[in-house]
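Shown next, in structure tokens, is the structure this report addresses.
Everything numeric here is computed off the predicted structure, so don't read it as measured data. Protein chains get the first letters and strands the later ones, always in sequence-line order, with residue 1 at the start of each.
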Amino acid sequence: MGIKGLTKLIADNAHGAVKEQKFENYFGRKIAIDASMSIYQFLIVVGRSGSELLTNDAGEVTSHLQGMFNRTIRVLEAGLKPVYVFDGQPPDLKKRELAKRFARREDAAEDLVTAKETGNEADVEKYSKKTVKVTKQHNEDCRKLLRLMGVPVVEAPSEAEAECASLCKAEKVFAVASEDMDSLTYGSTRFLRHLMEPTSRKLPVLEFDIAKVLEGLGLNMDQFVDLCILCGCDYCDTIRGIGPQTALKMIRQHGSLEIVLENLNKDRYQVPDPWPYQEARRLFKEPLVTPPEKVPEFKWTAPDTEGLRQLLVEENGFNNDRVMKAIEKLKVAKNKASQGRLESFFGVSSSSSNKRKEAPDSEASAGKQVKTAAAVKPAKAASKKGPAKGGKKK
DNA sequence: ACTCTGTATCAAGACGGT
DNA sequence: ATAATTGATACAGAGT
DNA sequence: ACCGTCC
């Protein structure tokens, strides 16, 4: 469920914290992506008709592979450097919420059976979507695919969103791309929504800057976390009668959940019992993540052509020609991206620090990259911090 | 009147040929 | 045994 | 841009 009403709250109260961007502006940027969420969407939509999905000869689902393969090529072709982050064990506090969702899905499963019996097509459609689940196998399939594609994979110890935020805070990645507003609560410094939409000509990318969000809301980070808990998150029930507006007002007025609770009119509002807001707070502020110094340097390497052919064509019945053509695109994209990073670096710093001159580069695509570099220009020196690997070991 | 919350409902990818 | 979405939107209804 | 297909 993310954080209830947070998008609107930010839009209304922190104007300027969100910028519209173009997909292309992230050329050369390392971007952390929550893999489980992507897989879920692919399973819902890729080649699904009723409860049928794309499958191989053995009847195993392949929709997630199809979706992940195409999308990742697309991302790499745009010069982005994706890091896919997979979920680990959910925290105990989330178990109750998960149980609720499980129950909801059980209901949907029953409704699906009924819909199938009565031949109600629309309902079959509806309930099929609701009964989709991402299995361990789906996750393993995608990790294998991504490794063969030469794309880095991170296995989070717990929540993927928390791990993404940690990578972002430690400047291991430039931004986190997700549809889940929790990312901000976990403290992602730069957060992208609708990253994929512009490619299908729908919405612009929305880039959230957490510092400006805080500034606009008039809160510090601790207070922002408290606000999110009060609005409603995965870890706590809400206080009936308090929504986003009231939550913001109260946190602004009192400064912390403790003081809000002290001053709360108990006749008017009933606080759930128990209401483990302190644990929730801890999960947002000190989630279980890989310590940044233990995160290896990410590398985007050449695809393993034969491995990919084996996995997709031999094991999963993908069309050989399509796969081979896609792998070619992949190789081209990889080459372009590695030289493009260099060039966009030049573009950014050309006026100030243009000391290196040995760019062994640039033929065909120079014009395009100039444009990209110019667009990206504003203030990025910080994230350039460690493009090479040496610095941090231990 | 207005503001806010709670509930229900919906949609969700990407390619290639035309 | 091993999976547990999400946010936007529209509308109803409660409270101020 | 639309639409069938991807497996």
Side-chain angles (χ1 to χ4, degrees), chain A residues 1-9 11-12 34 36-49 52-75 77 87-90 94-109 122-123 125-126 128-140 159-161 178-183 193-194 196-197 199-203 206 231-234 238-249 268-269 312-323 325-326 329:
Chain A
M1 157 226 295
I3 308 300
K4 218 187 332 172
L6 185 57
T7 311
K8 193 167 185 306
L9 208 56
D12 294 346
D34 178 349
S36 307
M37 187 64 52
S38 306
I39 295 170
Y40 187 83
Q41 314 247 37
F42 293 142
L43 289 176
I44 287 177
V45 80
V46 176
R48 188 192 47 77
S49 156
E52 304 289 304
L53 294 123
L54 305 182
T55 57
N56 60 20
D57 288 343
E60 295 156 336
V61 170
T62 56
S63 292
H64 56 310
L65 292 172
Q66 178 84 318
M68 186 66 86
F69 188 53
N70 288 327
R71 171 172 290 183
T72 303
I73 288 170
R74 193 165 238 227
V75 166
E77 279 186 308
D87 266 314
Q89 277 270 289
K94 201 171 179 178
K95 296 267 161 70
R96 256 192 16 212
E97 171 64 24
L98 294 179
K100 273 192 232 163
R101 296 177 189 173
F102 177 74
R104 246 179 280 151
R105 227 189 45 204
E106 296 264 277
D107 293 345
D123 277 5
E125 206 45 34
K126 182 160 91 181
S128 294
K129 284 193 259 188
K130 291 190 180 177
T131 49
V132 163
K133 60 187 155 202
V134 179
T135 66
K136 200 180 213 178
Q137 187 63 51
H138 296 141
N139 279 287
E140 277 172 25
E159 304 256 61
E161 291 295 348
S178 171
E179 299 312 312
D180 188 340
M181 295 298 288
D182 281 357
S183 289
R193 289 192 78 197
H194 309 148
M196 295 303 158
E197 304 282 354
T199 63
S200 46
R201 299 185 208 100
K202 291 181 204 161
L203 304 165
L206 294 184
C231 286
C233 66
D234 285 346
T238 53
I239 298 175
R240 184 160 247 274
I242 298 181
Q245 308 293 329
T246 313
L248 178 59
K249 205 186 308 168
R268 183 157 154 204
Y269 299 111
L312 297 176
V313 180
E314 304 300 333
E315 293 172 27
N316 287 289
F318 280 51
N319 177 288
N320 187 70
D321 290 348
R322 284 180 216 249
V323 169
K325 231 184 279 178
K329 286 203 278 184

* So what does A:R193 touch, heavy atoms closer than 4.0 Å: a base, only the sugar-phosphate, or nothing? -> sugar-phosphate
* Structure fact -> Rounded to whole Å, the NZ-P distance (A:K94 to C:dA4) equals 11 Å
* **D:dT5 versus B:dT9 - spacing of their C1' atoms, nearest Å** => 29 Å
* Structure fact -> Between CE of A:M181 and C1' of C:dG7 the distance, given in whole Å, is 10 Å
* To do: Using the P atom on both, measure B:dG13 against C:dG7 and round to a whole Å.
  => 15 Å
* To do: Using a heavy-atom cut-off of under 4.0 Å over every strand shown, decide if A:K129 touches base, sugar-phosphate, or nothing.
  => base
* Hey, does A:K130 reach any base, or is it just sugar-phosphate, or nothing, if we go heavy atoms under 4.0 Å? -> nothing
* Could you check which of C:dA4, C:dA3, C:dA8 has an atom nearest any side-chain atom of A:K136? => C:dA3
* To do: Tell me, please, which residues at least two apart from A:I242 pass side chain to side chain contact (heavy atoms under 4.5 Å, CB included).
  => A:L230, A:I239, A:T246, A:A247, A:M250, A:L264, A:Y269
* **Rounded interatomic separation in angstrom, taking CZ from A:R105 and P from C:dT5** => 7 Å
* Just checking A:Q41: base, sugar-phosphate only, or nothing, at a heavy-atom cut-off of under 4.0 Å? -> base
* With sugar-phosphate meaning primed atoms plus P, OP1 and OP2, does A:R104 contact a base, only sugar-phosphate, or nothing at under 4.0 Å between heavy atoms? -> nothing
* Counting any heavy atom closer than 4.0 Å, what does A:G5 reach on the DNA or RNA strands: base, sugar-phosphate only, or nothing? -> nothing
* Tell me yes or no: between the side chains of A:S178 and A:E161, is some donor less than 3.5 Å from an acceptor? => yes
* Taking the side chain of A:M37 as its heavy atoms from C-beta onward, which of C:dG7, C:dA3, C:dT6 lies nearest to it? -> C:dT6
* **Whole-Å gap separating P (C:dA3) and CZ (A:F102)** => 11 Å
* Structure fact -> salt bridge (charged side-chain N to carboxylate O under 4.0 Å, His left out) filter on A:R193, not counting sequence neighbours, yields A:E179
* Asked: With sugar-phosphate meaning primed atoms plus P, OP1 and OP2, does A:V61 contact a base, only sugar-phosphate, or nothing at under 4.0 Å between heavy atoms?
  -> nothing
* To do: Give the angle between the helix axes at the two ends of the helix from B:dA1-C:dT16 to B:dA12-C:dT5, taking five base pairs at each end and rounding to 10°.
  => 0°
* Could you run down nucleotides 9-16 of chain C 5' to 3' and tag each one B, S or - for protein heavy-atom contact under 4.0 Å? -> -------S
* Structure fact -> In whole angstroms, the gap separating C1' of C:dG7 from NZ of A:K4 amounts to 13 Å
* To do: Mind checking A:T246 for me? I need base, sugar-phosphate or nothing, with any heavy atom below 4.0 Å counting as a touch.
  => sugar-phosphate
* To do: Determine the contact category for A:T62: base if any of its heavy atoms lies under 4.0 Å from a base atom, sugar-phosphate if only primed atoms, P, OP1 or OP2 are that close, otherwise nothing.
  => sugar-phosphate
* Structure fact -> In this structure, OG of A:S128 is separated from CG of A:D123 (nearest 0.5 Å) by 10.0 Å
* Round to a whole Å and report the spacing from CD of A:E197 to P of C:dG7. => 14 Å
* With a 4.0 Å cut-off on heavy atoms, is A:P244 in touch with a base, just the backbone sugar-phosphate, or nothing at all? -> sugar-phosphate
* Taking A:D87 for the side chain and A:A160 for the main chain, is one N or O donor matched with an acceptor at less than 3.5 Å? -> yes
* Structure fact -> Rounded to whole Å, CD1 of A:I3 lies from C1' of C:dA8 at a distance of 16 Å
* If you look at every strand shown and take non-hydrogen atoms under 4.0 Å, does A:L65 touch a base, only sugar-phosphate, or nothing? -> nothing
* Asked: Which is true for A:T7 with a 4.0 Å heavy-atom rule: it touches a base, it touches only sugar-phosphate, or it touches nothing?
  -> sugar-phosphate
* Asked: Given the C1' atoms of D:dC7 and B:dT18, what is the spacing between them in whole Å?
  -> 23 Å
* Structure fact -> Counted 5' to 3', the first and last nucleotides of DNA chain B within 4.0 Å (strictly under) of a heavy-atom of chain A are B:dC4 to B:dC15
Please produce a list of atom pairs where a protein N or O lies less than 3.5 Å from an N or O of nucleotides 3-6 of chain D.
| unit_1 | atom_1 | unit_2 | atom_2 | d |
| --- | --- | --- | --- | --- |
| D:dC6 | O2 | A:Q66 | NE2 | 2.9 |

* Sticking with atom P, work out how far D:dG4 lies from B:dC10, rounded to a whole angstrom. => 23 Å
* Whole-Å gap separating P (C:dT5) and CG (A:D234) -> 9 Å
* Test log, rule side-chain contact (heavy atoms from CB on, under 4.5 Å), inputs A:F318 and A:N56 -> CA-CA 8 Å; A:F318 280 51; A:N56 60 20; over 6 Å; no
